[in-house]
Amino acid sequence: MNLQSKILAGDKVKLYVNKRLIFSNVLLSLAASILLYLLFSHLKGVTGTEEIILLVFLAMFVLRPFFRLLNVMPTLELSQAGIGYRGDFEPWDAVFDVKVVRPKVRLFSFGRLMLYTKIKGEPELAWDITAYDSELDLLELEALIKFCIAEFGENAESLAPVLEEKQPASF
């Protein structure tokens, strides 16, 4: 049973973190940390205290993505009523547009899904969903969200491209 038919049947679809992507990010950051440690440990002027400080910072660099694996709650929940992301809920009528943004260099980032709502008639970025937050590919998730907007949202015809956000003038 695919996800669209589950939602149409009235079930709630729960999506968890992408464990494979997080684990590969942990391994990549571990390899970069070992390389940095070996580079700095062979320098002549580095003392033992500086090596310990370096090891602490590199351990934090490796453990930061590792703690994402401890997330056991669903990060995304899709239902006929709306979409929930990390405990926050938006009905389908409030969702204005969905756009996938892919990075130019895919080393530590694998893209983002931007979910826009309308506040006082202006498009506003509501959620910035990363690829780590969904076990689905971002393009599949975008198609699923657009399907739900068209199926359950009242303003389904307003899926127009979002205007670029204006940057405030600097003085």
Side-chain angles (χ1 to χ4, degrees), residues 3 6 12-79 82-90 94-117 119 122-146 148 162-171:
L3 298 177
K6 274 181 138 177
K12 187 181 280 192
V13 174
K14 296 180 179 184
L15 299 173
Y16 296 90
V17 293
N18 192 341
K19 292 183 190 309
R20 182 178 296 159
L21 188 61
I22 292 171
F23 190 70
S24 68
N25 191 13
V26 167
L27 291 178
L28 184 64
S29 60
L30 182 66
S33 296
I34 290 172
L35 182 68
L36 279 173
Y37 176 74
L38 290 175
L39 180 77
F40 278 104
S41 67
H42 288 344
L43 291 176
K44 295 294 181 192
V46 177
T47 64
T49 307
E50 292 168 343
E51 274 191 35
I52 291 173
I53 293 171
L54 178 67
L55 282 174
V56 167
F57 282 115
L58 292 178
M60 291 183 345
F61 178 67
V62 172
L63 290 178
R64 182 185 175 275
F66 179 74
F67 286 130
R68 289 184 186 181
L69 286 174
L70 300 177
N71 186 6
V72 293
M73 298 297 293
T75 53
L76 283 165
E77 295 181 3
L78 299 148
S79 66
I83 180 171
Y85 175 63
R86 297 191 182 268
D88 194 14
F89 181 80
E90 289 285 340
V95 178
F96 174 67
D97 192 23
V98 180
K99 180 172 48 172
V100 173
V101 177
R102 295 282 185 182
K104 293 179 182 171
V105 179
R106 293 177 53 162
L107 186 59
F108 282 100
S109 176
F110 293 94
R112 299 180 174 283
L113 183 112
M114 308 291 207
L115 194 123
Y116 293 92
T117 59
I119 298 175
E122 295 285 325
E124 177 94 17
L125 178 65
W127 296 326
D128 184 7
I129 303 170
T130 63
Y132 299 106
D133 290 333
S134 172
E135 54 197 354
L136 285 179
D137 183 49
L138 289 179
L139 294 174
E140 293 174 16
L141 183 62
E142 178 189 28
L144 183 63
I145 291 174
K146 284 186 177 181
C148 290
V162 177
L163 300 173
E164 295 296 322
E165 295 180 11
K166 295 179 181 176
Q167 297 294 329
S170 59
F171 293 101

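Only a predicted model underlies this, so the values are computations on that prediction, with no experimental measurement involved.
Formation of a donor-acceptor pair under 3.5 Å by the E50 side chain with backbone atoms of T47 is found in this model. A donor-acceptor pair under 3.5 Å is formed between the side chain of T75 and the backbone N or O of L15. A donor-acceptor pair under 3.5 Å is absent between the side-chain atoms of S134 and the main chain of A131, judged by distance alone.
Side-chain atoms of I22 and Y132, non-hydrogen and from C-beta on, do get closer than 4.5 Å to each other. At a threshold of 4.5 Å between non-hydrogen side-chain atoms, the residues L139 and R102 count as touching.
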**Item:** Intermediate values then yes/no, side-chain hydrogen bond (donor to acceptor under 3.5 Å, both in side chains), E51 and Y37
**Value:** CA-CA 8 Å; E51 274 191 35; Y37 176 74; 3.0 Å; yes
**Request:** Tell me, with the steps shown, if L76 and Y85 meet side-chain contact (heavy atoms from CB on, under 4.5 Å).
**Result:** CA-CA 5 Å; L76 283 165; Y85 175 63; 3.6 Å; yes
**Request:** Decide yes or no on side-chain contact (heavy atoms from CB on, under 4.5 Å) for Y116 and K99, but give the supporting numbers first.
**Result:** CA-CA 8 Å; Y116 293 92; K99 180 172 48 172; 3.8 Å; yes
**L141 and K146: CA distance, side-chain angles, deciding distance, side-chain contact (heavy atoms from CB on, under 4.5 Å) verdict** = CA-CA 9 Å; L141 183 62; K146 284 186 177 181; over 6 Å; no
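A salt bridge between D133 and R86 is present, with a side-chain N of the basic residue lying under 4.0 Å from a carboxylate O of the acidic one.
If you take OG on S29 and CD1 on I34, they are separated by 10.0 Å, rounding to the nearest 0.5 Å. Atom NZ of K19 is separated from atom CG of L69 by 6.5 Å, given to the nearest 0.5 angstrom. The line from CG of L3 to CG of L136 is 5.5 Å long, rounded to the nearest 0.5 Å. Taken from CH2 in W127 to CE in M114, the straight-line distance is 14.5 Å, to the nearest 0.5 Å. We find the CZ-CZ distance between R68 and F23 to be 15.5 Å, quoted to the nearest 0.5 Å. Separation of atoms CG (L78) and NZ (K6) is listed at 11.0 Å; rounding is to 0.5 Å.
T117 and V95 make their closest contact through CG2-CA, 4.3 Å (heavy atoms, listed as atom of the first residue, atom of the second, distance). Between V62 and S33, the closest heavy-atom pair is CG2-OG, 3.3 Å.
Atom CZ of F89 sits in a crowded spot, with more than 12 heavy atoms from other residues, nucleotides or ligands closer than 6.0 Å. Heavy-atom neighbours of F40 CZ from other residues, nucleotides or ligands within 6.0 Å: at or below the threshold of 12.
Paired with V98 under the rule side chain to side chain contact (heavy atoms under 4.5 Å, CB included), one option of I145, I83, I129 passes, and it is I145.
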